[in-house]
Amino acid sequence: MAETYDPQAVEAAAQTFWSDTHAFEVTEDASKPSFYCLSMLPYPSGALHMGHVRNYTIGDVISRFQRMQGKNVLQPMGWDAFGLPAENAAIKNKTAPAKWTYANIEHMRGQFKRMGFAYDWSREFATCKPDYYVHEQRMFVRLMKQGLAYRKNSVVNWDPVDQTVLANEQVIDGRGWRTGAVVVKREIPQWFLKITDYAQELLDGLDDLPDWPEAVKSMQRHWIGRSEGLEIRFDVEGDEPLTVFTTRPDTLMGVTYVAIAAEHPLALKAAANNPELADFIESCKSGGVSEAELETQEKRGMATGLHAIHPVSGEKLPVWVANFVLMGYGTGAVMSVPGHDERDREFASINGLPVKMVVASPAVIDAIHELGHDVAAGAASDPMRAALHGSATDAYDKSSAVRVIEEFINRISDIEAYTEHGILVNSGPFDGMDFQQAFKAVAKHLEAEGKGCRKVNWRLRDWGVSRQRYWGCPIPVIYCDDCGAVPVPEDQLPVRLPEDVAFSGVKSPIKTDPEWRKTTCPECGKPAERETDTFDTFMESSWYYARYTSPGADTQVDKRADYWLPVDQYIGGIEHAILHLLYFRFYHKLLRDQGLVQSDEPVRNLLCQGMVIAETFYREDGDGARHWFNPAEVDVQRDERGRITGAVLKADGKPVEIGGIEKMSKSKNNGVDPQAMIDKYGADTVRLFSMFAAPPDQSLEWSEAGVEGMSRFLRRFWREVVTHAGQPDHPVVDPASLDANQKTLRRQLHETIRKVGDDYGRRHSFNTAIAALMELLNHVSKFDDMSDQGRAVRHEVLEAMVLMLDPVTPHTSHALWKVLGNAETLLEDVPWPAVDEKALERDAVTLAVQVNGKLRGTIEVPVAVDKDTAQTQAMALPAVQAFVEGKTVRKVIVVPGKIVNIVV
RNA sequence: GCCCGGGUGGCGGAAUCGGUAGACGCAGCGGACUUAAAAUCCGCAGAACGCAAGUUCAUGCGGGUUCGAGUCCCGCCCCGGGUACCA
């Protein structure tokens, strides 16, 4: 075997062995526990990027580790092949999206294999193939028949120049990215899946996912957004009544106006003979539809001239059109309480609408009582002012109670809304009630009058699955003038997307082709037209995990799924925390309700990895435009302490600006090509660095110097093993005859085995596992004992290290296993090294000694030392004496195995 | 705007349940080997003050709880992710 480490040769040999032996192809085996390890499937964007490398290395480490624990591990790979980038690339490269996509898949599959990932390639699929999406179409027509898929109008970004719908990403500062035209909102009919029918279950299910990150569960809870409130009817003078939803019925008596969406029927009616209002409503249409844009835009409004009637007081309230009220959410109308809601307050201030205080803080209520007044129903029309009336108003004589009330009144009327729960005032029959009491009383009052009812409201909206794009799965619907929207009969599926098309970029080829849509109605047989919209690509990625378990099945999934599902470990980017992971959970429940899977949730354990980031470098040209240089083109300069002082371009030696560390991207040209790294250092080094440089859930800063460090470690390890293998044969380890150094090294080994197993298996803390293995290498390379037992212990250490490194650097371990004298084999089928509890025992331990919580020294004590002895030894330290002398020892805290703290 | 994260030496990070802050690695400095370089090996290294022993300060900022806080609580600042048609 080679004396020096040659990663390219080592990796080729290991990969050939795995491929020849079909090492990672698995089938259902009832005799072994299954472990399904799944990484989010990639979009085939062209070439592997570092984000992929990181994601898939994490999955591979977990997969290989679990197989070494005796599990039957399924780790599949496939392609999320539909999507917008293929259309953009097709325009740019004058090719067809399908051709571009398939070429990318070919290239990226080769790169995956070069990384040595332990995939079962026999299960691979691409979601753009009819034999994949036919199942999705069949599911959709079934959902249509069950009423879980339905059609309604919904608002999109419309580019008036290209006459096309834009994705939110394609709207830059309210304008279309290609035309620069101001985008407008437009309503079009689209298909929806009723995810809201499952809102409660999706919310409750989060409680049954203990191994999901709290951040993800918390984000999903807020996204689903269950809220309890009242739906309240406001009559409108001379018109149809308005319905609003509120979670704050306690503030009902503080309503001073009603706001409705620009598209609300009442607004449109009012605008019919009010040209100014019509202009305003028209102006609300410009701009994109994304929530971030809607929520941050300037709040604008206009009075309709209509008046609503307050359901309790009968007061006349102006009805305003407001751009922040959205027709698509809730009822398209809100009751406005500027005294107790920030947004209503801001709008009222701008438009000169009145503010009414109806909730007071507990401190104010106390002050009112202190001044001898009451807030109970009917006590006073305005208990705050009643309390102030007759009290001293001169600045010098004000009591603190008066000041509390005045301050509150001033704050509400001049500065901000009081949004917390409190006690009702100025609310007639509801005066003196707290939030809970008021909620009940208002509900009872309105229900009795038929003007309102309790309602649970959800922030979650139904899933709009229509896209006006070409490169996606055709929606299997036929439109007939007589029969309406008819699902394509199952025996006519799949509806195939033509792949050999000319693609201009503006309109979908199946929309421009007059022939593709022509068909006949499945119900009446008359000429009819196909739907030319395609599915949201989240549809494909919502069920792919189940398809991997059932390759080749005629149905969407078959019985084999029961062996593998739910997924034991899912790995992917945190950017998918809400949308993908929520649709995916929803679709699993759809599959369950069709009888296709048995479980309620698709994934037991979720790991969200952070982004891969890198330094950026640029130069500005004359007009301020920045030209970005790749880190590979730049040399960084440092001072004598290692601080970065500047950077120069390698090509001309002249300085470039340092632009800060950002997510690797094409736009900042700071992407590091994994292929170049693999060619230079080998896959194992790249894998090792991406696992070592940061914990998996945090962002990872790429550093080629760091990669070199990993290469250095593998070369040192290789040399250590090869040198040891050149030594004469050794006897077996005899624990009873070991000397102190041998015992120490063995203890360090078994501590490492315990830590690495825990870090890989439970904590997913791969960086610390690798650090522990590096420490162990440092220990063993300093261990120069060449005796029989010395060599025996060293062999035990090195063999265990080969196995423990295998999940991260499988090629190197594969080769070194043979160097250590073993037959070539699949290391994942060699059992994980066992911890020898006896080897962990130690007889002395170091305690930290503190005085008043500050470290003053350490003491060596026997493991089983009693508190008094520890205390006496600690007190005897000169450094401790210096701080204790002349003071009284008040208390001594002894934490066994940790610290002694002397409090003086 | 709203929801969710993060902030520790020159840098990436460690400290797993409130108990010795800075493991491991990178960069740096000093040395060995070498004709030289590369590679490799040995050593130093948070900051300030001090000849030294050592002392003080230090985990984004300001408070608090505790014998003891990077870790828990309250209030801020900054950076990142998501925000329903990027995936």
Side-chain angles (χ1 to χ4, degrees), chain A residues 40 42-43 45 80 83-85 88 156-157 165-171 213-216 218-223 225 289-297 324 342-343 460-464 466-469 536-538 541 573-580 582-583 608 610-611 613 636 638-644 662-663 689 692-695 697-703 705-710 712-713 715-716 719 755 758-759 762-763 765 767-768 770-775 778 781 846-850 852-855 857-858 879 890-893 895 897-899 901-903:
Chain A
M40 288 182 187
Y43 178 79
S45 53
D80 186 20
L84 195 52
N88 297 333
V156 293
N157 302 305
V165 175
L166 297 179
N168 284 336
E169 188 189 51
Q170 298 170 319
V171 180
E214 277 308 319
V216 172
S218 183
M219 280 188 264
Q220 292 211 352
R221 279 191 193 100
H222 283 110
W223 186 262
V289 299
S290 75
E291 194 196 39
E293 188 174 336
L294 294 172
E295 287 287 325
T296 52
Q297 73 188 348
F324 57 83
E342 289 297 349
R343 192 179 58 185
L460 182 69
R461 312 198 301 263
D462 277 337
W463 176 12
S466 294
R467 297 292 180 271
Q468 295 68 46
R469 296 182 213 300
D536 177 7
T537 57
F538 277 128
S541 57
I574 185 69
E575 68 273 20
H576 297 293
I578 296 175
L579 292 181
H580 163 65
L582 195 61
Y583 293 143
C608 290
M611 297 174 305
I613 57 179
V636 172
R638 292 166 190 281
D639 65 12
E640 75 284 354
R641 298 178 80 161
R643 275 183 275 235
I644 292 174
E662 299 201 39
K663 180 180 176 170
F689 178 76
F692 176 71
D697 55 347
Q698 283 178 32
S699 54
L700 181 154
E701 186 183 335
W702 196 263
S703 144
V707 178
E708 276 167 18
M710 297 305 105
R712 198 142 49 219
F713 167 75
R715 289 199 302 269
R716 273 182 67 203
R719 191 163 8 100
K755 176 166 178 57
D758 189 45
D759 280 357
R762 178 183 64 89
R763 293 215 298 151
S765 176
N767 53 328
T768 55
I770 294 164
L773 288 165
M774 287 173 170
E775 273 186 89
N778 291 342
S781 59
T846 308
L847 295 188
V849 180
Q850 301 178 332
N852 286 347
K854 286 203 173 184
L855 184 70
T858 58
R890 289 222 319 260
K891 188 149 92 166
V892 177
I893 292 148
V895 182
K898 301 267 189 188
I899 60 141
N901 189 12
I902 299 156
V903 186

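So that the names make sense, note that chain A is the first sequence line, chain B the second, and so on, each numbered from 1. All heavy atoms count here, side chains included; hydrogens, waters and symmetry mates do not.
- Taking the ring-ring contact (aromatic ring centres under 6.0 Å, His included) definition, one finds that A:Trp223 meets it with nothing, sequence neighbours left out.
- For the pair A:Gln170 (side chain) and A:Ala167 (backbone), a donor-acceptor distance under 3.5 Å is present.
- Side-chain atoms of A:Asn157 come within 3.5 Å of backbone N or O of A:Leu166 as a donor-acceptor pair.
- The nearest heavy atom of RNA chain B to A:His222 and to A:Asp462 marks one nucleotide each, and the one closer to the 5' end goes with A:His222.
- Against the 90° criterion about 0, the sugar-base torsion of B:C79 places it in the anti range.
- We find the CE-CD1 distance between A:Met710 and A:Ile770 to be 8.0 Å, quoted to the nearest 0.5 Å.
- Using a 4.0 Å heavy-atom criterion, one finds that A:Val156 contacts the bases of the nucleic acid, with or without backbone contacts as well.
- For the OP1/OP2 pair of B:C24 and a distance below 4.0 Å, the side-chain nitrogens and oxygens of A:Asn767 include no atom meeting the criterion.
- The line from CD of A:Glu575 to CE of A:Met40 is 7.5 Å long, rounded to the nearest 0.5 Å.
- For A:Gln297 against B:G1, a side-chain-to-base donor-acceptor contact under 3.5 Å is absent.
- Counting heavy atoms from C-beta outward, A:Val289 and A:Val156 have side chains that stay 4.5 Å or more apart.
- For the C1' atoms, the distance from B:C72 to B:A87 is 38 Å, rounded to whole Å.
- Under 4.0 angstrom from either OP1 or OP2 of B:A87 there lies at least one side-chain N or O belonging to A:Thr537.
- Note on A:Pro695: only backbone sugar-phosphate atoms sit closer than 4.0 angstrom, heavy atoms only; bases stay farther off.
- Across all strands shown, A:Ser699 has heavy atoms under 4.0 Å from sugar-phosphate atoms exclusively, and none from any base.
- A:Phe692 comes within contact range of at least one nucleobase, with a heavy-atom separation under 4.0 Å.
- Within the nucleic acid shown, A:Met40 has no heavy atom closer than 4.0 Å to any nucleic acid atom.
- Using a 4.0 Å heavy-atom distance criterion, A:Val892 is classed as making no nucleic acid contact.
- Across all strands, A:Ile613 comes closer than 4.0 Å to no nucleic acid atom at all (heavy-atom distances).
- Here the CG atom belonging to A:Leu773 is positioned 10.0 Å from the OG1 atom belonging to A:Thr768, to the nearest 0.5 angstrom.
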What pairs of nitrogen or oxygen atoms, one from the protein and one from nucleotides 51-59 of chain B, lie under 3.5 Å apart?
unit_1: B:U56; atom_1: OP2; unit_2: A:Arg856; atom_2: NH1; d: 3.2
unit_1: B:C57; atom_1: OP2; unit_2: A:Lys854; atom_2: NZ; d: 2.7

Which nucleotides of nucleotides 63-71 of chain B have their base under 4.0 Å from a protein heavy atom (B), which only their sugar-phosphate (S), and which neither (-), written as one string 5' to 3'? ----BS---

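- Residue contacts shown for A:Glu701 are limited to sugar-phosphate atoms, with no base heavy atom under 4.0 Å away.
- Nucleotides B:C26 and B:A45 place their C1' atoms 14 Å apart, quoted to the nearest Å.
- Distances from the side chain of A:Ala215 to the nucleotides B:U20, B:C24, B:G5 place B:G5 closest.
- Atom OG of A:Ser699 and atom CD1 of A:Ile613 lie 4.0 Å apart (nearest 0.5 Å).
- Within 4.0 Å (heavy atoms only), A:His580 reaches no atom of the nucleic acid at all.
- Residue-level contact check: A:Ala693 touches the backbone only, with heavy atoms under 4.0 Å from sugar-phosphate atoms and none from bases.
- Residues passing the ring-ring contact (aromatic ring centres under 6.0 Å, His included) test with A:Phe538, sequence neighbours excluded: A:Tyr583.
- Nucleic acid contact for A:Asn778: sugar-phosphate only, since backbone atoms but no base atoms lie under 4.0 Å from a heavy atom of the residue.
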Each base of RNA chain B marked ( ) or [ ] if paired in-strand (Watson-Crick or G-U under 3.5 Å), | if paired to another strand and . if unpaired gives (((((((..(((......[....))).(((((.......))))).((((....))))..(((((..]....))))))))))))....

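- Of the two residues near RNA chain B, A:Arg716 and A:Lys898, the one whose nearest nucleotide lies more 5' is A:Lys898.
- Between B:G25 and B:C2, the distance separating the two P atoms is 45 Å to the nearest Å.
- Atom name P, nucleotides B:G12 and B:A27: the rounded distance is 15 Å, in whole Å.
- Among the heavy atoms of the strands, none lies under 4.0 Å from A:Phe713.
- In this structure, of B:G13, B:A84, B:G81, it is B:G13 that holds the atom nearest to the side chain of A:Ala694.
- Side-chain atoms of A:Trp223 lie closest to B:A84 of the nucleotides B:A21, B:A84, B:C86.
- Here the nucleotide nearest the side chain of A:Val895, chosen from B:G13, B:G19, B:A21, is B:G19.
- The phosphate of B:C41 (OP1 or OP2) has no side-chain N or O of A:Arg712 nearer than 4.0 angstrom.
- Qualifying side-chain hydrogen bond (donor to acceptor under 3.5 Å, both in side chains) partners for A:His576, counting only residues two or more places apart in sequence or in other chains: none.
- Distances were taken from every side-chain heavy atom of A:Arg763 (C-beta onward) to each of B:G81, B:A84, B:U16; the shortest belongs to B:U16.
- A:Arg716 and A:Asn778 form a side-chain donor-acceptor contact under 3.5 Å, judged by distance and modelled atom types alone.
- Using modelled atom types, no side-chain atom of A:Ser218 and backbone atom of A:Glu214 make a donor-acceptor pair closer than 3.5 Å.
- The gap from the C1' atom of B:A14 to that of B:U59 amounts to 12 Å, rounded to the nearest Å.
- Among the heavy atoms of the strands lying under 4.0 Å from A:Ser218 are primed sugar atoms or P, OP1, OP2 only; no base atom is included.
- Residue A:Gln468 is in base contact, counting any heavy-atom pair closer than 4.0 Å across all strands shown.
- Taken to the nearest 0.5 Å, the CG atom of A:Asn767 stands 8.0 Å off from the CG atom of A:Asp759.
- The side chain of A:Arg467 places no N or O atom within less than 4.0 Å of a non-bridging phosphate oxygen (OP1 or OP2) of B:C86.
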